[in-house]
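Just so it is clear, the values below take in all heavy atoms, side chains as well, and ignore hydrogens, waters and symmetry mates.
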Amino acid sequence: MSLALTVDMLFSESAEERDVWREVPAVLSAEFLREAASPNLYRALTALSLLPAADEALLNRLLDKPLEGADYYQLTALSFVRDTMDGISLHQVVARILREDFARRTPEQFEAVRHRAFVLLAERFHSVDQRMQMRLSAHIMELYREFLPSAHAYANFSSSLKPGEQKPFQLEDLPELQRFMKASILGSDWQSELVEPADYPALLDGIAARFPEGIFVVRDEKGRPLAFCAGLWLHALSMPLLERYAPGCRQMLGEEAFSLHELPLEAADTIFVLLSAVNSEHSLYRPEELGALLMEQWLVHMTRGLRGILAAADPQLNALLSVLGFQACGKVTGFAGIELTTWELDFRQSAFDQWIQRIIRQTETAAAQPALPRENDHRLSIERSEMKQMLEWMFEPHKLEELPVMRRFRWSGMQVRTAIQEILAEAHQAGPLTAMEKEILIAGYLRKDRNKSELAASFHMSRATFYRHMRLAEQHLAYVLDDRLRSRI
């Protein structure tokens with residue numbers, strides 16, 4: 001619709017006298033308003049453009065004046081509104097046009113409402129399932145995009161380029177990725193100052209052959225690679241390869257390197273990023289557009305509960321990583337004595353809250369509302385590792401009560417044991433804990449009649465996949481238990 005109107009205006013006789021790029025969103029907004037037939041509904045559409053999907057209660061939290069009961073159902077009848085399992089959502093093109101028009105007409109009000117949307121999405125993150133968490137992460141990046149540098153050596157975030165379906169790396173992708181890498185080396189683009197440039201192709205081959213899960217590929221709508229980043233999941237089997245090609249990693253990892261040499265593959269939750277490249281010869285998209293797409297998609301992927309580590313010397317890249325929510329962890333020395341900054345992005349526990357708080361602080365203006373509480377003021381919660389300990393000692397109340405988490409919250413062993421058993425026995429789902437995750441926890445901690453290999457086989461999973469599901473189940477149970485026990489205080 002936007003493209004058709006733009007072309008029509010450009011071919012019109014008065015095109016030279018008109019600001020076509022500003023006029024098109026206004027024309028479309030007027031059309032949407034006519035279909036909505038009511039300023040009240042249009043106001044609701046504008047708020048909905050800032051959310052991936054919303055039921056009536058969530059939408060009203062973003063509005064100064066709640067909708068009338070019938071108004072919400074009128075919204076569902078509009079041609080550009082879809083009714084989904086998560087509530088109603090706007091067509092992607094319409095949402096973008098409404099946001100642009102809102103920001104142009106009343107920028108201060110737009111910033112304040114968008115700020116409230118960030119806070120609402122952060123609040124919802126731990127109470128929804130993983131599918132919705134990924135959708136919320138992607139939407140937060142969409143809202144955050146305009147705060148990111150639009151013209152950058154590595155990424156142009158003003159592009160609205162969308163990826164195709166996410167698919168794992170396949171061996172047949174390797175020739176294309178090596179071609180991207182070769183062009184990147186010729187252009188002297190950043191790869192990894194921890195690795196000798198002559199070793200880049202061999203390192204990529206080694207990762208593809210032995211640890212292909214470390215390669216993340218962004219594809220077009222036909223499934224062809226557009227960009228990629230490659231690294232190693234850190235565990236006992238991968239550490240020798242990392243140290244062979246990036247000996248400076250030991251300085252980066254410090255004492256953690258010793259424990260990683262003992263860590264089984266299935267327990268790995270950290271990826272050390274070493275290489276990245278885009279299709280710099282693409283006929284439609286500039287390299288910096290593809291770079292932005294790769295960064296956005298990788299960030300969304302990491303919010304599933306993973307940690308990423310990388311090092312860079314380029315001041316422009318370092319500035320960009322800071323804006324994206326990475327945290328600097330010190331300096332290390334790369335090949336040829338290059339000084340590098342170590343960066344970390346950690347979503348393994350409740351760090352999504354901390355990441356979104358940093359984004360909220362970066363997007364605050366004088367007109368915006370106060371941000372979420374700072375990290376030190378945020379309420380204490382149960383960490384996944386603590387939940388694991390509570391499950392292990394659940395049937396020994398005296399040992400359970402000796403755990404630091406129990407003393408911190410002043411809970412009794414019987415109180416926690418009863419609450420856990422109730423949650424796992426309930427027929428309904430207490431989000432984000434799923435039915436399958438309950439079964440995994442019951443089999444692993446209550447029945448305890450099979451070893452991990454047998455448990456993985458019974459759920460038709462590999463050991464590595466089973467361990468990842470187990471960790472996610474522990475994390476989700478921690479959230480539900482924390483909420484349950486607090487409600488009883």
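By the neighbour-count criterion of 12 heavy atoms within 6.0 Å, atom CZ of R407 is densely surrounded, having more than that number from other residues, nucleotides or ligands. E454 CD: more than 12 foreign heavy atoms inside a 6.0 Å radius. Counting heavy-atom neighbours within 6.0 Å of F258 CZ, excluding the residue itself, gives a total of 12 or less. Counting non-hydrogen atoms of other residues, nucleotides and ligands closer than 6.0 Å to NE2 of H261 gives a total above 12. Atom CD of E172 sits in a crowded spot, with more than 12 heavy atoms from other residues, nucleotides or ligands closer than 6.0 Å.
In this structure, the separation between CZ on F169 and CZ on F228 is 9.0 Å, given to the nearest 0.5 Å. Within the model, atoms CH2 of W393 and NE2 of H398 stand 13.0 Å from one another, a figure rounded to the nearest 0.5 Å. If you take CD1 on I440 and CZ on F466, they are separated by 5.5 Å, rounding to the nearest 0.5 Å. Atom CG of residue L340 and atom CG of residue N318 lie 8.5 Å apart, to the nearest 0.5 angstrom. To the nearest 0.5 Å, atom CZ of residue R179 and atom OG of residue S280 are 7.5 Å apart. Taking CG of L424 as the start and CD of E439 as the end, the distance is 9.5 Å to the nearest 0.5 Å.
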Exercise for review: Starting from the C-alpha separation in whole Å, work towards a yes-or-no answer on side-chain contact (heavy atoms from CB on, under 4.5 Å) for F180 and E281.
Suggested key: CA-CA 9 Å; F180 297 172; E281 301 170 356; over 6 Å; no

Step by step, would you call R384 with R471 a side-chain contact (heavy atoms from CB on, under 4.5 Å)? CA-CA 7 Å; R384 184 195 67 80; R471 289 199 299 269; 3.7 Å; yes

* To do: Go through the steps for M239 and L253 under the test side-chain contact (heavy atoms from CB on, under 4.5 Å), then give the verdict.
  => CA-CA 11 Å; M239 285 298 291; L253 296 170; 4.0 Å; yes

Checklist line | Derivation and outcome, side-chain contact (heavy atoms from CB on, under 4.5 Å), residues T333 and I338 | finding: CA-CA 6 Å; T333 303; I338 298 173; over 6 Å; no

### Message
Could you go through R99 and E142, starting from their C-alpha distance and side-chain angles, then the distance that decides it, and tell me whether this counts as salt bridge (Lys or Arg N to Asp or Glu O under 4.0 Å)?
### Response
CA-CA 11 Å; R99 286 197 300 269; E142 176 75 16; 3.2 Å; yes

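At least one side-chain heavy atom of L391 sits under 4.5 Å from a side-chain heavy atom of L441. Between L320 and F326 there is no side-chain heavy-atom pair separated by less than 4.5 Å. Considering only heavy atoms from C-beta on, L306 stays 4.5 Å or farther from L345 through its side chain. Inter-residue side-chain proximity for V300 and M295 is flagged as unmet; no heavy-atom pair is nearer than 4.5 Å. Here the side chains of E426 and K438 are in contact, with some heavy-atom distance below 4.5 Å. Within the 4.5 Å cutoff, the side chain of L58 has heavy atoms near those of the R124 side chain. The shortest distance between side-chain heavy atoms of M387 and Q475 does not fall below 4.5 Å. Counting heavy atoms from C-beta outward, E243 and R250 have side chains that approach closer than 4.5 Å.
For S412, there are no side-chain hydrogen bond (donor to acceptor under 3.5 Å, both in side chains) partners, not counting sequence neighbours. Residues satisfying the salt bridge (Lys or Arg N to Asp or Glu O under 4.0 Å) criterion with R219, sequence neighbours excluded, are D173. Judged as a side-chain hydrogen bond (donor to acceptor under 3.5 Å, both in side chains), and not counting sequence neighbours, E165 has no contacts. A search for side chain to side chain contact (heavy atoms under 4.5 Å, CB included) contacts involving S238 returns F211, L232, H235, not counting sequence neighbours. A search for salt bridge (Lys or Arg N to Asp or Glu O under 4.0 Å) contacts involving E339 returns nothing, not counting sequence neighbours. Taking the side-chain hydrogen bond (donor to acceptor under 3.5 Å, both in side chains) definition, one finds that K331 meets it with T341, sequence neighbours left out. For H301, the ring-ring contact (aromatic ring centres under 6.0 Å, His included) test picks out F216, with sequence neighbours left out. By the side-chain hydrogen bond (donor to acceptor under 3.5 Å, both in side chains) test, N279 is found to be paired with no residue, residues two or more places apart in sequence or in another chain being considered. Contacts of R224 classified as salt bridge (Lys or Arg N to Asp or Glu O under 4.0 Å), with partners at least two apart in sequence or in another chain: D220. Residues passing the salt bridge (Lys or Arg N to Asp or Glu O under 4.0 Å) test with E401: none are found, sequence neighbours excluded.
For the residue pair Y445/E474, the side-chain donor-acceptor check at 3.5 Å is satisfied.
F459 and A443 make their closest contact through CE1-CB, 4.2 Å (heavy atoms, listed as atom of the first residue, atom of the second, distance). Listed here is the closest heavy atom pair of R135 and P52: NH2-O, 2.9 Å. Between T303 and S137, the shortest heavy-atom distance links the atoms OG1-OG, 2.9 Å. When every heavy atom of P201 is checked against every heavy atom of P197, the shortest pair comes out as CD-O, 4.1 Å. Between V195 and A246, the closest heavy-atom pair is CG2-CB, 4.0 Å. L194 and P247 get closest at one heavy-atom pair: O-CD, 4.2 Å.
Salt-bridge check for R61 with E123: passed, with a basic side-chain N closer than 4.0 Å to an acidic carboxylate O. Ion pair E402/K399 not flagged as a salt bridge, since none of the NZ, NE, NH1 or NH2 atoms sits closer than 4.0 Å to an Asp/Glu carboxylate oxygen. Salt-bridge check for R408 with E386: passed, with a basic side-chain N closer than 4.0 Å to an acidic carboxylate O.
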May I have the list of side-chain donor-acceptor pairs in residues 266-275 shorter than 3.5 Å, sequence neighbours left out?
unit_1 : atom_1 : unit_2 : atom_2 : d
E266   : OE2    : R463   : NH2    : 2.9
T270   : OG1    : R307   : NE     : 2.9
T270   : OG1    : R307   : NH2    : 3.1

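A salt bridge (charged side-chain N to carboxylate O under 4.0 Å, His left out) check over residues 196-212, counting only residues at least two apart or in different chains, returns nothing.
The backbone N or O of C229 sits nowhere less than 3.5 Å from a side-chain atom of W298 that would complete a donor-acceptor pair. Although no hydrogens or angles enter the test, the distance criterion places a donor-acceptor pair under 3.5 Å between the side chain of S259 and the main chain of E256. The main-chain N or O of P175 is never found under 3.5 Å from a side-chain atom of Q178 such that the two would form a donor-acceptor pair.
Aromatic ring centres of H282 and Y285 lie closer together than 6.0 Å.
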